[in-house]
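In what follows, a single structure is set out as structure tokens and then discussed.
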Amino acid sequence: MPILTDFQFSGFTKYLIQEGLLTESDATIHSQEAQKKNIPLLSYLVTNKIVDSKTVATKASMGYGVPFLDLDAIDLRSLPTNLISEKLIRKHRVLPLFIRGKTLFIAQSDPTNLLAIDEINFQIRLHPETILVEENKLAKAIEIALEAVDTSMADLLDEDLENLDISGGVDDAAIATVDTDIDDAPIVRFVNKILLDAIKKGASDIHMEPYEKNFRIRFRADGMLYQVASPPSNISSRIISRVKVMAKMDIAERRVPQDGRIKMSLSKHRAIDFRVNSCPTLFGEKVVLRILDPTSAQIGIEKLGFEPEQEQLFLHAINRPYGMVLVTGPTGSGKTVTLYTGLNLLNSIECNICTAEDPVEITVEGINQVNMNVKAGLTFANALRAFLRQDPDIIMVGEIRDLETAEIAVKAAQTGHLVLSTLHTNDAPQTLNRLMQMGVEPFNIVSAVILIMAQRLARRLCEHCKKPANFPDNILLSAGFKEEELRTLKIFSPGSCEHCTNGYKGRVGIYQVMTISENMRSLILEGGNAMQLAELSKSEGINDLRASGLNKIRMGITSLEEIDRVTKE
């Protein structure tokens, strides 16, 4: 095999070709695909099983004269990860292993990444040395090691619960005189424990609800609410007041709803924001805390739950230079995470991205995010007008709520900008009708909208305890399965174990991804209704939410009961 010049390929790609692990043509194709997904080539190759991770690592170890280590042989939770910033670890996919004298040995899967060595050397006073590891094990090890740095409930003593680093979200002037009872150590510890428990259990919301004779605290995890505590009702006001103080809300005002924010620093590597809202009820104030974890938008597009063809349609649409991409679904269906996953793929130094949200839930470096403030006159429409005077490439609108916002967004999509936004409709075809009902002209819709995506979130079956399920044929046929697949069909139902909640752990997206075809454009211009659009999309091979849900059942990801719950009309 001829040796390639640096002009054609460089670094580790060149080495893989020389070793016969990759051809030149394959290297070009896979490099383009990896670039589209904004991931390193080696990670793409290993994830898609194009090359074997261990073969690459052992060959590179011999070829470059770098020692090889199996990460399974070390304790990932005791590594000196605090020596290097999390940003640098994730950027260069490196992991500090141990120190010998003045040398820090770091795990790498790409021995040609000398920039990582230089940046680490600049950041710390130790000399970094590379140890080669397998790419797939390195990716998992980084997550485990960084997670171990974060404080967990099991590591916290009573005094730690009192001294967590917590700050509020508004000016201190908003606080009334604080009752000393609110700062009692038991109340402080209890509230901090509730917040930390919610984070540990992966909850998205905390509900604190006072009633006449009891006080209930519930978590929402994987979309379902369940009770976690029932403190004495006579201390409910003290607990609520403590939360309001933490959120920098006025504790003297109990007659009207209030909003606030809490920032909790779990470690120097991880901070969690809580969006807090209070609402007066018959027996006191109910408080709901929405947990905003910035890492939720960095999960990677491959983990959202797209089927392969749906993922390709979505990636193709967001990589278009202009047009409108709409995501639709009810509150809590994961629309924001989907949009931010797309924005993270597009976020680069060459791209000007602006977002208008109410409120901003996920903060991302490199994206210009604007919080709506209707009282001050900052609406979606006003923000969009401002964006168009600031030379944007990509605009994200939190929600299209009225004709004014819709018209400006459509104009932006028609004049060379990529516009991402959300609407509240049941499925993709209804979204087009919703825009027409708002007053957007059909010819503007067909010239601007390029893709509409409806989505729901279904709970994942726990891999540790899911069990085979037996349903009568008539039930399976009525659910939507075909008669010819019943013999080989394997369906699972939830079990129960210590690793999950009622047999489920985590959630997965169920999607209907609808591109606007020429036939669909013609039907829109003719004034077609949602039912006609749905029939046309089905005839063009587009899976609706129910069909996508049945695919998740076939794959053993979720249960028939769960798909019935999230896709029933």
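Values reported hereafter were calculated over all heavy atoms of this structure, with side chains retained and with hydrogens, waters and symmetry mates removed.
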message: Given 3.5 Å as the limit, does a donor-acceptor pair link the side chain of Q310 with the main chain of E307, or not?
response: yes
- request: Mind checking salt bridge (charged side-chain N to carboxylate O under 4.0 Å, His left out) for E212 and listing every partner two or more places apart, or none if nothing turns up?
  value: none
- request: Could you list the residues that satisfy ring pair (Phe, Tyr, Trp, His ring centres under 6.0 Å) with H464, not counting sequence neighbours?
  value: H499
Pairs touching residues 374-391 that satisfy salt bridge (Lys or Arg N to Asp or Glu O under 4.0 Å), sequence neighbours left out: R385-E404
- request: Would you please name every residue forming a salt bridge (charged side-chain N to carboxylate O under 4.0 Å, His left out) with K505, sequence neighbours left out?
  value: none
- request: Using atom types as modelled and distance alone, determine if a side-chain donor or acceptor of Q455 lies under 3.5 Å from a backbone N or O of S333.
  value: yes
- prompt: Can you name the residues that form a side chain to side chain contact (heavy atoms under 4.5 Å, CB included) with S493, not counting sequence neighbours?
  reply: K467, A469, E561
message: Please enumerate all residues that pass side chain to side chain contact (heavy atoms under 4.5 Å, CB included) together with N502, with sequence neighbours excluded.
response: none
Between side-chain atoms of residues 280-292 and protein atoms elsewhere (two or more places apart, or another chain), which donor-acceptor pairs fall under 3.5 Å?
unit_1, atom_1, unit_2, atom_2, d
T281, OG1, G284, O, 2.4
E285, OE1, K244, NZ, 3.0
E285, OE2, K244, NZ, 3.0
K286, NZ, H207, ND1, 3.4
K286, NZ, E209, OE2, 3.1
R290, NE, D205, OD2, 2.6

- prompt: Would you find more than 12 non-hydrogen atoms of other residues, nucleotides or ligands less than 6.0 Å from K201 atom NZ?
  reply: yes
- prompt: Got a sec, which residues hit salt bridge (charged side-chain N to carboxylate O under 4.0 Å, His left out) with K91, two or more places apart in sequence or on another chain?
  reply: E119
- prompt: Is the F306 ring parallel, tilted or perpendicular to the Y511 ring (thresholds 30°, 60°)?
  reply: parallel
task: For F274, check ring pair (Phe, Tyr, Trp, His ring centres under 6.0 Å) against everything at least two apart and list the hits.
output: none
- prompt: Which residues pass the ring pair (Phe, Tyr, Trp, His ring centres under 6.0 Å) test with F380, sequence neighbours left out?
  reply: none
query: For residues 544-560, which residue pairs qualify under salt bridge (Lys or Arg N to Asp or Glu O under 4.0 Å), counting only residues two or more places apart or in two chains?
result: E485-R554, R546-D564
- request: Determine yes or no for a side-chain-to-main-chain donor-acceptor pair under 3.5 angstrom, with N382 supplying the side chain and L378 the backbone.
  value: no
message: I'd like to know if the side chain of D273 reaches the main chain of K263, judged simply by a donor and an acceptor atom lying under 3.5 Å from each other, with no hydrogens or angles considered.
response: no
With R456 via salt bridge (charged side-chain N to carboxylate O under 4.0 Å, His left out) - residues at least two apart: none
